[in-house]
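Throughout, numbering of the chain's residues begins at 1 and tracks the sequence.
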Amino acid sequence: MKIKKAEIKDLNIVVKMKMDMFMEVGSIVLLQDNAKEKIYSKYNELYQEKKLCHYLVYEDDNVIACGGAIIKEDIPFYFFKIPMYGYIMDVYCVPEKRRNGYASRIMERLISWLQDNGVHNIKLKPSAAGRELYEKFGFGDSGEMELWL
């Protein structure tokens with residue numbers, strides 16, 4: 001097992017893992033017809049701006065897990081002394097390799113990357129299966145609410 005920080009040349013792998021995640025959780029139907037291409041293009045842009053990173057877990061030459069973090073600068077944070085926050089996303093492990101600590105090792109690296117880039121607040125939207133992992137790292141309910149229309 002090896003963990004590697006993804007580079008732009010690895011974006012096809014990152015996007016494939018993201019699409020597998022969307023498929024597994026049933027969210028694929030929410031995506032636009034050309035979502036794969038749009039995700040690749042946006043991620044490429046964000047990698048060049050150094051606002052997005054992913055870590056990949058390899059077993060032999062196969063990627064079995066990934067996770068990403070983005071530095072966001074939107075309102076209301078834009079007006080704070082530290083005008084940004086981190087957002088953890090794309091944490092996914094192939095089903096047959098789960099419960100081996102891969103996601104935890106990715107989370108450690110993502111949190112470290114965000115800290116190294118000056119982030120003091122990290123958000124994420126957990127799946128039911130991932131909630132326990134995130135609570136282990138100290139994530140708690142922020143009280144944020146949402147409404148889907």
Side-chain angles (χ1 to χ4, degrees), residues 1-74 77 84-117 119-149:
M1 190 275 305
K2 173 177 74 169
I3 299 179
K4 177 186 154 209
K5 186 176 180 189
E7 300 173 27
I8 288 177
K9 67 179 180 160
D10 301 313
L11 281 178
N12 283 328
I13 297 167
V14 169
V15 173
K16 182 199 177 307
M17 295 291 282
K18 183 178 188 79
M19 297 304 287
D20 290 349
M21 178 186 66
F22 278 135
M23 182 71 76
E24 183 178 322
V25 300
S27 297
I28 201 88
V29 298
L30 299 174
L31 300 179
Q32 299 171 12
D33 291 338
N34 57 348
K36 190 174 179 180
E37 293 79 18
K38 285 188 171 190
I39 292 166
Y40 182 92
S41 177
K42 188 62 175 179
Y43 279 15
N44 190 344
E45 174 188 323
L46 292 166
Y47 265 61
Q48 290 180 44
E49 295 172 3
K50 300 193 181 337
K51 291 186 177 181
L52 175 64
C53 88
H54 286 83
Y55 284 90
L56 303 171
V57 176
Y58 287 83
E59 193 172 81
D60 300 318
D61 289 331
N62 300 314
V63 175
I64 58 169
C66 75
I70 184 169
I71 297 171
K72 300 183 91 175
E73 300 171 347
D74 56 19
F77 280 78
M84 61 191 171
Y85 63 97
Y87 196 90
I88 303 281
M89 58 190 200
D90 301 341
V91 178
Y92 180 75
C93 184
V94 297
E96 62 273 15
K97 298 295 181 177
R98 292 182 183 155
R99 311 295 276 159
N100 286 302
Y102 301 134
S104 291
R105 295 178 79 180
I106 288 171
M107 286 295 295
E108 289 166 354
R109 284 173 173 78
L110 293 174
I111 291 169
S112 180
W113 181 80
L114 288 166
Q115 285 178 315
D116 290 347
N117 281 280
V119 169
H120 295 282
N121 180 273
I122 304 172
K123 298 174 177 279
L124 56 79
K125 185 168 181 119
S127 65
R131 186 171 290 279
E132 182 180 330
L133 166 71
Y134 303 125
E135 288 173 346
K136 181 176 97 173
F137 280 92
F139 285 86
D141 187 349
S142 68
E144 193 169 280
M145 300 172 75
E146 76 175 11
L147 170 67
W148 281 75
L149 301 176

Go through it in stages, so that I can follow the logic: the residues are Lys18 and Phe22, the test is side-chain contact (heavy atoms from CB on, under 4.5 Å), and I'd like the CA-CA distance, side-chain angles, deciding distance and then a yes or no.
CA-CA 6 Å; Lys18 183 178 188 79; Phe22 278 135; 3.5 Å; yes
| task | Decide side-chain contact (heavy atoms from CB on, under 4.5 Å) for Leu52 and Met89; before the verdict, give the C-alpha distance in whole Å, the side-chain angles of both, and the deciding distance to 0.1 Å. | result | CA-CA 10 Å; Leu52 175 64; Met89 58 190 200; 3.4 Å; yes
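- Residues Ala103 and Leu133 come closest through the heavy atom pair CB-CD2, 3.6 Å.
- The 12-atom threshold is not exceeded at CD of Glu132, counting heavy atoms of other residues, nucleotides or ligands nearer than 6.0 Å.
- In plain terms, the two heavy atoms of Val14 and Ala6 that are nearest each other are CG2-CB, 4.1 Å.
- Heavy-atom neighbours of Met1 CE from other residues, nucleotides or ligands within 6.0 Å: above the threshold of 12.
- Atom CD1 of Ile39 is separated from atom CG of Asn34 by 9.5 Å, given to the nearest 0.5 angstrom.
- In this structure, the separation between SG on Cys53 and CH2 on Trp113 is 4.5 Å, given to the nearest 0.5 Å.
- Between Tyr47 and the choices Glu7, His54, Lys42, the side-chain hydrogen bond (donor to acceptor under 3.5 Å, both in side chains) rule is met once, by His54.
- Residue-environment remark: CG (Asp74) exceeds the threshold of 12 foreign heavy atoms within 6.0 Å.
- Judged by distance alone, with hydrogens and angles left aside, the side-chain atoms of Ser27 form no donor-acceptor pair with the main-chain N or O of Leu30 at under 3.5 Å.
- By the neighbour-count criterion of 12 heavy atoms within 6.0 Å, atom CZ of Arg131 is sparsely surrounded, having that number or fewer from other residues, nucleotides or ligands.
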Subject >> side-chain contact (heavy atoms from CB on, under 4.5 Å) between Lys123 and Glu144, intermediate numbers included >> reply: CA-CA 10 Å; Lys123 298 174 177 279; Glu144 193 169 280; 3.6 Å; yes
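- One distance of note links CG of Asp90 with CG of Asp20; it measures 11.5 Å at 0.5 Å rounding.
- Interatomic distance, Lys16 NZ to Asp10 CG, rounded to the nearest 0.5 Å: 14.5 Å.
- In this structure, Asn121 and Phe77 approach most closely via the heavy-atom pair OD1-CZ, 3.7 Å.
- Using a 4.5 Å heavy-atom threshold, the side chains of Met21 and Ser127 count as separate.
- Taking CG of Leu124 as the reference point, atom CE of Met107 lies at 6.0 Å (rounded to 0.5 Å).
- Nearest approach of Glu24 to Pro95, heavy atoms of both residues: OE1-CG, 3.7 Å.
- With sequence neighbours left out, Tyr87 forms a ring-ring contact (aromatic ring centres under 6.0 Å, His included) with no residue at all.
- The cationic group of Lys4 does not satisfy the cation-pi geometry with Tyr58, failing either the under 6.0 Å distance to the six-membered ring centre or the 45° limit from the ring axis.
- With sequence neighbours excluded, the residues forming a side-chain hydrogen bond (donor to acceptor under 3.5 Å, both in side chains) with Ser104 are Lys136, listed by chain and number.
- Heavy atoms of other residues, nucleotides or ligands lying less than 6.0 angstrom from CZ of Arg105 number 12 at most.
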* For side-chain contact (heavy atoms from CB on, under 4.5 Å), just list the numbers for Leu31 and Met19, CA-CA rounded to whole Å, side-chain angles, deciding distance to a tenth of an Å, and then say yes or no. => CA-CA 10 Å; Leu31 300 179; Met19 297 304 287; 3.9 Å; yes
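- Lys51 is not listed as a side-chain neighbour of Met84, based on a closest heavy-atom distance of 4.5 Å or more.
- To the nearest 0.5 angstrom, Gln48 atom CD is 9.0 Å from Lys50 atom NZ.
- Pairing each heavy atom of Ile88 with each of Phe139, the nearest pair is CG1-CZ, 4.5 Å.
- Of all non-hydrogen atoms in Gly86 and Val119, the two that sit nearest each other are N-CG1, 3.3 Å.
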